[in-house]
**Student:** 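Structure provided below as structure tokens; questions to follow.
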Amino acid sequence: MKQSVKLIAGNWKMNGLAASLAEVETLKSRLAEEPAACRVALCPPATLIHRLAQTVAHSAIEVGAQDCRAETSGAFTGSVSAAMARDAGATLVILGHSERRQEFRESDALVAAKAVAAVETGLSPIVCVGETLAQRQAGQAVDVVRTQVMQSLPLVLAATPFAVAYEPVWAIGTGLTPTLEQIEEVHRAVRAAMIERLGLPAGWMPILYGGSVKPDNAAEILAVPEVGGALVGGASLIAADFLGIIRRAS
Ligand code: PEP
């Protein structure tokens, strides 16, 4: 396994108003006092990307969008293009989060098209994959995730930085997590699929774990072989909690 600097990325989902930037100020000043040993990113709602990017200017905190449209512009009311997210200050974009796959019926093919648009715009994608509880209980977790990796990662990723996030759907926001052995098993399968799909060295891009990561379970999860960081939902909203995770990433 190749070791690289871990990425701890916060996904605020549909949470956060201007007042929430106070948490970002706290995070920024705490990391200025004691720099993180990992990469740190925050992915706020689209309305806050610009202001959050201004807040973290001159710090190491990276900014991401939570989605982008595959098309570059046009009659798509309510949508945000990759160029708009980039223009607002994002350098990363979460794609294919299970909440979008489920609520907006996003397919692997659509996620791949969005990843192409992101890369063409200069955004680094974090492509999410993960099985449902029914799929896990049916013994299909590895197969489901492998298929998602093979079909959601466009070949253009062979020549650009990106990350994959393994997020079991049943672990997101539930307080449930897979066993460390289950996390390792799926991460190894994701790694094999990435290498098969994109070859080396792109196959060694980080694989994040996501799903109920908290300060008290972060250390053991981040120590699992092939875990290259974490995608953090609820615990990324409060600076102290997010810092508690960041401090456990070496
Ligand atoms: C997520 O939404 O990507 C996530 C991992 O959420 P939580 O940490 O709240 O489970």
Side-chain angles (χ1 to χ4, degrees), residues 6-16 20 23-24 27 38-46 48-49 52 61-68 85 90 92-104 106 111 114-115 118 123-133 135-136 141 144-145 148-149 152 162-180 182-183 186-187 190 206-222 224 226-249:
K6 288 185 166 56
L7 169 61
I8 307 296
N11 173 16
W12 280 12
K13 313 192 190 195
M14 198 178 74
N15 298 292
S20 314
E23 294 295 324
V24 182
L27 181 68
C38 58
R39 289 171 62 201
V40 176
L42 285 171
C43 304
L48 281 181
I49 292 174
L52 196 148
I61 301 172
E62 301 170 48
V63 182
Q66 297 175 12
D67 180 45
C68 69
L92 306 167
V93 59
I94 298 170
L95 295 175
H97 191 282
S98 62
E99 288 155 13
R100 294 205 62 88
R101 288 179 183 266
Q102 290 189 327
E103 289 191 34
F104 300 95
E106 293 195 359
V111 174
K114 290 182 174 197
L123 292 176
S124 181
I126 301 173
V127 179
C128 301
V129 296
E131 82 283 0
T132 63
L133 183 58
Q135 290 166 333
R136 162 67 62 183
V144 165
V145 168
Q148 289 176 329
V149 171
S152 300
F162 71 98
V164 171
Y166 166 54
E167 299 204 303
V169 178
W170 51 274
I172 294 177
T174 60
L176 302 172
T177 53
T179 66
L180 301 181
Q182 288 171 329
I183 293 174
V186 178
H187 276 240
V190 170
I207 306 169
L208 316 183
Y209 168 78
S212 297
V213 177
K214 310 286 178 206
D216 61 2
N217 64 13
E220 60 180 13
I221 290 173
L222 290 168
V224 171
E226 294 293 3
V227 172
L231 185 54
V232 182
S236 69
L237 293 168
I238 305 297
D241 292 343
F242 198 41
L243 266 166
I245 295 169
I246 291 165
R247 294 299 184 214
R248 285 162 179 82

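None of these values were measured; they are calculated from a predicted model. As the structure lists them, so they are numbered: ligands from 1, and atoms in each ligand from 1.
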**Student:** Side chains of W12 and Q66: does their closest heavy-atom pair fall under 4.5 Å?
**Tutor:**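 Touching, per the 4.5 Å side-chain cut-off.
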
**Student:** Working note: R101 + E106, criterion salt bridge (Lys or Arg N to Asp or Glu O under 4.0 Å); need CA distance, chi angles, decisive distance, verdict.
**Tutor:** CA-CA 4 Å; R101 288 179 183 266; E106 293 195 359; over 6 Å; no

**Student:** Do NZ/NE/NH1/NH2 and the carboxylate oxygens of D67 and K114 come within less than 4.0 Å?
**Tutor:**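 Between K114 and D67 there is a salt bridge, with a charged N closer than 4.0 Å to a carboxylate O.
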
**Student:** As a test of reading the model: which residues have a non-hydrogen atom less than 4.0 Å away from ligand 1?
**Tutor:**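 Under the 4.0 Å cut-off, ligand 1 touches N11, K13, H97, E167, A171, I172, G173, G210, G211, S212, L231, V232, G233, G234.
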
**Student:** With rounding to the nearest 0.5 angstrom, report the CD to CD1 distance, E226 to I207.
**Tutor:**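 Separation between the atoms: 5.0 Å.
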
**Student:** Would you check if R136 and V186 make a side-chain contact, meaning some heavy-atom pair closer than 4.5 Å?
**Tutor:**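 Answer yes - side chains close enough.
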
**Student:** Which of these, V63, L52, I49, sits in a side chain to side chain contact (heavy atoms under 4.5 Å, CB included) with L42?
**Tutor:**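 Exactly one pass, corresponding to L52.
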
